[in-house]
Amino acid sequence: QVLLVESGGGLVQAGGSLRLSCAAPGRTFDLYSVGWFRQARGNEREFVAAIEWTNRRTEYANSVKGRFTISRDSAQSTVYLQMNSLRPEDTAVYYCARAGRIFSSVESIRDLIDNVDWGRGTQVTVSS
């Protein structure tokens, strides 16, 4: 199992921005679809965004469309989640997930169809 490492979380005021990063130490995300999920206290984990291994397709939850952007660097070593216009309801622990097999579709990450590798999460808190 690959352990992913998220970073970039913190406390920000409503309307502010944060950029989360996800790395797989010693490995890359090449050929793997990757996604971001979040879990607010008392809630179930929910899908936020995903990027396909081709980098040609992305998918977003309706609640973050137009505000969040998922991307990865050219070396395929880090996946980012740029979060703008943050709202208090975005407060959650954010988790990175890598598809368990190469060539997976963005839908397979979104719906967690296959086993995925997870990180331990990074806390994002948005104050009103």
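FYI, the numbering just counts along the sequence from 1.
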- Using the six-membered ring of W53, assess whether NZ or CZ of R98 lies under 6.0 Å from its centre and within 45 degrees of the ring axis.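 Pair R98/W53 does not count as cation-pi.
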Should [X] and [Y] count as side-chain neighbours, where that means a heavy-atom distance under 4.5 Å?
X: F68; Y: N84; answer: no
X: Y60; Y: R110; answer: no
X: T91; Y: Q123; answer: yes
X: V116; Y: I109; answer: yes

- Charged N to carboxylate O below 4.0 Å: is that the case for E107 and R57?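 Yes, this pair counts.
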Ignoring hydrogens, what is the shortest heavy-atom contact between [X] and [Y]? Give both atom names and the distance.
X: V34; Y: I70; answer: O-CD1, 3.8 Å
X: A61; Y: F47; answer: CB-O, 3.4 Å
X: L86; Y: R67; answer: CA-NH1, 3.9 Å
X: L20; Y: G9; answer: CD2-N, 3.6 Å
X: S17; Y: Q82; answer: CB-NE2, 4.0 Å
X: V106; Y: T58; answer: CG2-C, 4.4 Å

- Item | Residues, nucleotides or ligands: over 12 heavy atoms within 6.0 Å of N115 CG |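 Not buried by this count: 12 neighbours or fewer within 6.0 Å.
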- Message: Side chains of S108 and D114 only: does a donor on one sit below 3.5 Å from an acceptor on the other?
- Response: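 Looking only at side-chain atoms, D114 and S108 do not form any donor-acceptor pair under 3.5 Å.
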- Task: Give the C-alpha distance, both sets of side-chain angles, the deciding distance and a yes or no for salt bridge (Lys or Arg N to Asp or Glu O under 4.0 Å) between R38 and E46.
- Result: CA-CA 5 Å; R38 66 187 181 187; E46 64 176 2; 2.6 Å; yes
- Query: Below 6.0 angstrom between ring centroids: does that apply to Y94 and W36?
  - Reply: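 No, too far apart.
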- Message: Ring centroids only, cut at 6.0 angstrom: are Y95 and F37 within range, meaning strictly under it?
- Response: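 Judged by ring-centre distance (under 6.0 Å), Y95 and F37 do not meet the cut-off.
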